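Encoded as structure tokens, the structure appears first; notes follow it.
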Amino acid sequence: MTGEWEYYKQSGPIYGEASAPVRWEQTIAPWLEEQGFVRGENERCVFYHADKDLLVLLYVDDVMADGEPADVEWIFELLAERFLCKDADYITADSPQDYLGMVIGIEEDKLFLSMATYIDNACEILGISGGRVPVSPITDPIDTETRSLDKHEVKQFLTAVGMLGWLATTVRLDVAYAYSRIAQHSATPTVSAMESVTKVFRYLQGARDWCISAPVYDGDKHSVIETDDAEPTWRFMCDSDHAGNAEVQNRRRSQNGLMITQNTAPVVWQSKASSVAFACSDIKEAHADVSSAAVEMYSAGNATFDILATKYVVEEMGMEFPQPFTLEMDNDAARIFANASAQKTKLKHIDCRQEWVRTLRNKDVCNPIHIPTKDNLSDIFTKILSGPEFERLRALCMREHAI
């Protein structure tokens, strides 16, 4: 109004600005190492103190510690001396805690991870309330022939997809396939794509209390071989669906799924379209693999890379990891890898993975086995399932519990 300018000098970091993570990286991270913690090389958020068997997870300035009570008190007292900290909160039956948007609670002998509060907030932001609750997050393909969204609608769509991605990555594995499929439309979203992401949040609103659940106080079992008396501590399952997604932008790529559980709780999962496509100057665009066997081998080979990446992080956290790990599959890839019966092809991306899995098997790192489809939990990540089948698999992976 006056035409005069006022200038301000920033004397310190503002919480949330781009430089904040760098400043924490330069202060608290090296300070933890000075206290005797070893920082993970594969997961930089992991700090493990071997002498105290104390694990600390650090995400910028959000700290979680897991260990004996006296050791937890020790590190938080040191933190309070060095940094300006809030009081430490303990997860108890009466006081669930929010950590990075995940609510962690304990009841009797079970630990729960819930996203119910986040779902409520997301639905409020998107203006979703009431209405019919779908049985599953996705039931139909997305129609790319419907009208393209306008600028305002695109912003709302991308906001919804972003929040759905966080849910699918952290706790709500039941929407991982829907997220993978819907997110493919981010470049040119249509009315049908918006309806699909809205449908997912209506599903989540009605299924807000489904959690990841794990037993506590039992300690880690060390059995890695399933017997009549004990479940294996770790399970590794992969699956693929060949050319099941006929939507134009997918180009008939296969969908790969991976599930890793520990003490019956899902800890790593993945649902993604295959990155394999072949380019032909005559066709003018990439095309997917036409061999279902090649798709299965490619999926299994990629699963072993992801499992080994998990192994490295688990070991950095001071935990045991099975070797060999048993990779469960419900397709012919298991038989091929186990029996070394595959013939050489002229497809380098398949030959390389085939040789890789054989090497893991021969070095006693991976043991591929065949399991019935109904027992393969990763099937929930590969295709649109019927309502009853989706609910059956969800019940095997998650538990409904209000926190």
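Residue numbers count from 1 along this sequence. These figures come from a predicted structure and were not determined experimentally.
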Check whether any side-chain N or O of [X] sits under 3.5 Å from a backbone N or O of [Y] as a donor-acceptor pair, and report yes or no.
X	Y	result
R399	A395	no
D209	I403	no
S136	F390	no
Q35	L32	no
S299	D239	yes
S186	A183	yes
W269	A168	yes
E316	E41	yes
T159	K155	yes
Y312	G40	no

Side chain to side chain, [X] and [Y], heavy atoms closer than 4.5 Å:
X	Y	answer
Q262	M319	yes
T190	L149	no
D61	F83	no
I369	L327	no
M194	P189	no
Y118	R172	no
F37	I75	yes
V175	L164	yes

From [X] [atom1] over to [Y] [atom2], what is the distance, rounded to the nearest 0.5 angstrom?
X	Y	atom1	atom2	answer
K199	I128	NZ	CD1	13.0 Å
I28	R23	CD1	CZ	15.5 Å
I212	I104	CD1	CD1	11.0 Å
Y48	E315	OH	CD	12.0 Å
N367	F236	CG	CZ	11.5 Å
S196	F157	OG	CZ	8.0 Å

Can you confirm if the aromatic rings of Y179 and Y203 lie within a centre distance of less than 6.0 Å?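 Here the rings of Y179 and Y203 have centres that are no less than 6.0 Å from each other.
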Check whether the ring centres of W234 and F325 lie less than 6.0 Å apart, and answer yes or no.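 Ring centroids of W234 and F325 are no less than 6.0 Å from each other.
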CA sep, side-chain torsions, deciding dist, call: L258, I307, side-chain contact (heavy atoms from CB on, under 4.5 Å): CA-CA 9 Å; L258 171 68; I307 292 169; 4.2 Å; yes
Write down the atom of [X], the atom of [Y], and the distance for their closest heavy-atom approach.
X	Y	result
M259	C397	CE-SG, 3.6 Å
C211	H401	SG-O, 3.2 Å
M115	T170	CE-OG1, 3.4 Å
P134	R132	CD-O, 3.4 Å
V365	Q323	CG2-NE2, 3.8 Å
F381	S271	O-OG, 2.6 Å

Got a sec: does the CD of E400 have more than 12 other heavy atoms crowding it under 6.0 Å?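 Buried by this count: over 12 neighbours within 6.0 Å.
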Check the surroundings of atom CZ in R147: do more than 12 heavy atoms from other residues, nucleotides or ligands lie under 6.0 Å from it?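 Yes, the 6.0 Å shell around CZ holds more than 12 heavy atoms from other groups.
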Any chance you could lay out the side-chain contact (heavy atoms from CB on, under 4.5 Å) test for F47 and E33, step after step, and finish with the verdict? CA-CA 8 Å; F47 294 82; E33 292 181 286; 4.3 Å; yes
Polar contact flag, side-chain donor to acceptor under 3.5 angstrom, T92-S95: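 Judged by distance alone, the side chains do pair up.
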Would you say the side-chain atoms of Q10 and Y8 include a donor-acceptor pair closer than 3.5 Å?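 Side-chain D/A pair, Q10 to Y8: absent.
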For the pair Y59 and M64, evaluate side-chain contact (heavy atoms from CB on, under 4.5 Å) and give the outcome as yes or no after the intermediate values. CA-CA 9 Å; Y59 291 87; M64 174 178 282; over 6 Å; no
V161 vs I182, test: side-chain contact (heavy atoms from CB on, under 4.5 Å). Steps then yes/no. CA-CA 8 Å; V161 169; I182 293 170; 4.2 Å; yes
Using a strict 4.0 Å threshold on nitrogen-to-oxygen distance, state whether E107 and K110 make a salt bridge.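 Salt bridge flag = no for K110 with E107.
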